[in-house]
Protein chains: 4
Amino acid sequence: MSPKTKEQFEAIRSQTSTVIKDTALELFAENGFHNTSISQIAKAARVSKGLMYNYFDSKEDLLHDIMMDAMDRGTELMNDHLKEGVDPKDQLLSLVDGVFEWIIGNLSYWKLLAALAFQKDVTSQLKLEILEKSQSYNAIITDLFRQMGKAEPEKEAMLIGALMDGIGMQYMVMPELYPIDEMKELVKKKIIE
Amino acid sequence: MSPKTKEQFEAIRSQTSTVIKDTALELFAENGFHNTSISQIAKAARVSKGLMYNYFDSKEDLLHDIMMDAMDRGTELMNDHLKEGVDPKDQLLSLVDGVFEWIIGNLSYWKLLAALAFQKDVTSQLKLEILEKSQSYNAIITDLFRQMGKAEPEKEAMLIGALMDGIGMQYMVMPELYPIDEMKELVKKKIIE
Amino acid sequence: MSPKTKEQFEAIRSQTSTVIKDTALELFAENGFHNTSISQIAKAARVSKGLMYNYFDSKEDLLHDIMMDAMDRGTELMNDHLKEGVDPKDQLLSLVDGVFEWIIGNLSYWKLLAALAFQKDVTSQLKLEILEKSQSYNAIITDLFRQMGKAEPEKEAMLIGALMDGIGMQYMVMPELYPIDEMKELVKKKIIE
Amino acid sequence: MSPKTKEQFEAIRSQTSTVIKDTALELFAENGFHNTSISQIAKAARVSKGLMYNYFDSKEDLLHDIMMDAMDRGTELMNDHLKEGVDPKDQLLSLVDGVFEWIIGNLSYWKLLAALAFQKDVTSQLKLEILEKSQSYNAIITDLFRQMGKAEPEKEAMLIGALMDGIGMQYMVMPELYPIDEMKELVKKKIIE
DNA sequence: AATGAATGAGCGTTCATTCAT
DNA sequence: CATGAATGAACGCTCATTCAT
């Protein structure tokens, strides 16, 4: 008879919010942001359409939250692979492992990210945050190449960045067929060593 | 007042159809397929909405025709850069030039292609055709690497394919800032030589 | 921890209910009935949405209660200005004072009333009660004019009623600019004397 | 087989647009702007919901067009009753006739106007245009009173303005019962003479 | 007495497509 | 070949109301 406690409400919110975000990510990645309706997400997440707006102000807001979550996971993963005071080459190799791990484990996120990258109608806010993050990765890699004594560390970093984007892209188009592990080893051998 | 000849009709058809396709490609690339309406295209192409359906059965059909046209142009370009009986390494270098030329000169097409590549809402038919085409390029490049005596020509081909996709992708996201020419030289130096 | 007494419960009920009604009146008057949501009222009144329905069966019911309260306050005010056995002209003058006082002091109520008056979406019940009340005022004024010996007391009463409605209306549209006090004196001079 | 001529299209547009506006005005006046849905209007006007947006950019835009039409009719009517070089008192009497004629013949418009006057959510643009128009009427009446040699023409104008607003308001609430013609004569006698 | 998560009908609006001319 | 008025399903979103606690 007594009302629910604050903790109970928070638990409910956290759980429902996660279900909606996970469901939406899958659908966005599969069908595209504009081709996925709020109704579809609600039905797949087994909640009412109206409830969606109890958790997210708008469809764009839902997208934003999803992308931020995934980016945060990516940042954590990167940090796990960046040990201070280690040989820069080893760090770079470890970082490549980290990126591949991230891509393989968050395929839906990457598909969505790639599809959004070329569309100008998505909130610029989101795009800016993503661009910023990607530039910070690029800076780290450039620095590692510099530590390794490479003549043109900026170009090396851009090259490896483009290569990994390309590999990720092809893997996304045909994840079941693409020899991603072999490609990873190839990257390590050809580019870094 | 004299009745139009069959040839005149066909000339009009061909011209109008080209105007529509060119206009649609620009708009699709700029704003995305789902975010571009038939009305917008009709207005920009200075024809009536109804006329669009005289030339294309549906919006998807229009997209399909546009992509096929662009792919045909790409095939022509590739063929121009593939001279039989030439040193395979030179052919490969020439091919790289051809691809960069293609990308830079058909940015709208590539943006659209990239945006569509990850989403299942595009006719599977179209995706299959694109995949097929890309595999044929891959086969050609593999063969050239084999002629060059590389140990693992398939992997080399995949690597260069991924790299060029990645470069294209980054160039598309920021075409005015990206040092595409330097990247081209880098590709030639690092991968082929 | 001791159980609340019946009186305490009733005191809480009365107080909460008053807060909700006062808050709702302000919002209805400011933004219109249809443009004010239950959520807004609940938030502004610092109660939960659910609690609203503990006190009022529906949004319409809340409106009804608000209007009845305001009408009761109006009736009291009128009665204060109607002293039996006084010169009818003085009574009329005093009544005009009362109405102006009522309007100026209950602007929100009058704005809301005016906005609702022309639309059939308000419970007919409410409209009937309001009409009834206004007719009883009219009867009183007619009687006063009759006592003053006017030839056509009904028409005089309607005239003064219309005039006061019109003044009120204009005052509501621009309360800060309208010379309401001067208008009051004008009414007294031109119509009554 | 030949396409419709420009004239045919214009005729269709004009007719359909009028049907929609007339229907919408009735419904807005009856039920209020916010309480009338586009669906209702479309159904009552026997057109599809989508077609509404072929003619009006938005619901607000539809409202704006309706009010402007009615205001234009009002201006015409007023001009018909304002003959230059005539005795100012006769002009005033004629003007009163004009206003009553306008109100009686455009009851829906007046109901809507009154209901909107108190709501702050309607486009300020529209409200400004209405306020402007009403002030221009007030200026004309003030001037006529001045020509008649009244001591305080501004106040006289405000008084008659308020009175006519009030009469209009009461007539709108119960058009079938209200003795509007008698009230008109009363206005003329009490205020002007 | 009190909470706020959850529902679902309905809103204003868009847009691919059809069709009479 | 060409027009644009007309349709209707679907969209993103709002909100009065209910209910388990």
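Naming convention: chains lettered A, B, ... in sequence-line order (proteins, then strands); numbering from 1 in each chain. These numbers were taken from a predicted model, which means no experiment stands behind them.
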Enquirer: What I'd like to find out is whether the side chain of A/Trp110 reaches to under 4.5 Å of the side chain of A/Leu113, using heavy atoms alone.
Expert: yes
Enquirer: Drop me the distance from C/Thr36's OG1 to C/Glu26's CD, to the nearest 0.5 angstrom.
Expert: 11.0 Å
Enquirer: Whether D/Thr16 contacts F/dA6 is assessed here as follows: a side-chain N or O lying under 4.0 Å from the phosphate OP1 or OP2. Is that the case?
Expert: yes
Enquirer: Return the residues of residues 44-59 of chain A meeting this criterion: a heavy atom under 4.0 Å from some atom of DNA chain F. Order them by number, or give none.
Expert: A/Lys49, A/Gly50, A/Tyr53, A/Ser58, A/Lys59
Enquirer: Roughly how many Å is it from CG in D/Asn31 to C1' in E/dC11, rounded to a whole number?
Expert: 15 Å
Enquirer: Let me spell it out: for each of D/Arg13 and A/Gln40, pick the nucleotide of DNA chain F with the closest heavy atom. Which residue's pick is nearer the 5' end?
Expert: D/Arg13
Enquirer: Could you measure the distance from the CD1 atom of C/Ile41 to the NZ atom of C/Lys59? Nearest 0.5 Å is fine.
Expert: 6.5 Å
Enquirer: Can you check the A/Ile12 CD1 to E/dG4 C1' distance for me, whole Å?
Expert: 9 Å
Enquirer: Could you give the CD1-to-P distance, from A/Ile20 to F/dC13, as a whole number of Å?
Expert: 14 Å
Enquirer: At 4.0 Å (heavy atoms only), tell me whether D/Thr36 reaches a base, stays on the sugar-phosphate, or touches nothing.
Expert: sugar-phosphate
Enquirer: Take the protein atom NZ of A/Lys6 and the nucleotide atom P of E/dA2, then report the distance between them rounded to whole Å.
Expert: 17 Å
Enquirer: Could you summarise the pairing of DNA chain E as dot-bracket text, marking Watson-Crick and G-U pairs under 3.5 Å with ( ) or [ ] inside the strand and | across strands?
Expert: .||||||||||||||||||||
Enquirer: What is the distance, rounded to the nearest whole Å, between atom CG of B/Leu62 and atom P of E/dA16?
Expert: 11 Å
Enquirer: Under 4.0 Å, heavy atoms only, any strand: does D/Ile38 hit a base, just the sugar-phosphate, or nothing?
Expert: base
Enquirer: What distance do D/Ser108 atom OG and D/Leu112 atom CG have between them, rounded to the nearest 0.5 Å?
Expert: 8.5 Å
Enquirer: For residues 42-55 of chain A, which side-chain donor-acceptor pairs fall under 3.5 Å, sequence neighbours excluded?
Expert:
{"from": "A/Ser48", "atom 1": "OG", "to": "A/Leu51", "atom 2": "N", "distance (Å)": "3.2"}
{"from": "A/Asn54", "atom 1": "OD1", "to": "A/Arg13", "atom 2": "NH1", "distance (Å)": "3.2"}

Enquirer: On the six-membered ring of D/Phe28, is D/Lys111 placed so that its NZ or CZ lies under 6.0 angstrom from the centre and within 45° of the ring axis?
Expert: no
Enquirer: Rounded to the nearest 0.5 Å, how far apart are CG of C/Asp65 and CG of C/Leu25?
Expert: 12.5 Å
Enquirer: Which whole-number value in Å describes the distance from B/Lys43 NZ to E/dC15 P?
Expert: 12 Å
Enquirer: What's the separation between atom CZ in D/Phe33 and atom CG in C/Asn35, rounded to the nearest 0.5 Å?
Expert: 9.5 Å
Enquirer: How many angstroms lie between atom CG of A/Asp69 and atom NE2 of A/His64, to the nearest 0.5 angstrom?
Expert: 10.5 Å
Enquirer: I need the CD-P distance between A/Glu60 and F/dC13, as an integer number of Å.
Expert: 8 Å
Enquirer: Between F/dG12 atom C1' and A/Leu27 atom CG, what is the distance in whole Å?
Expert: 16 Å
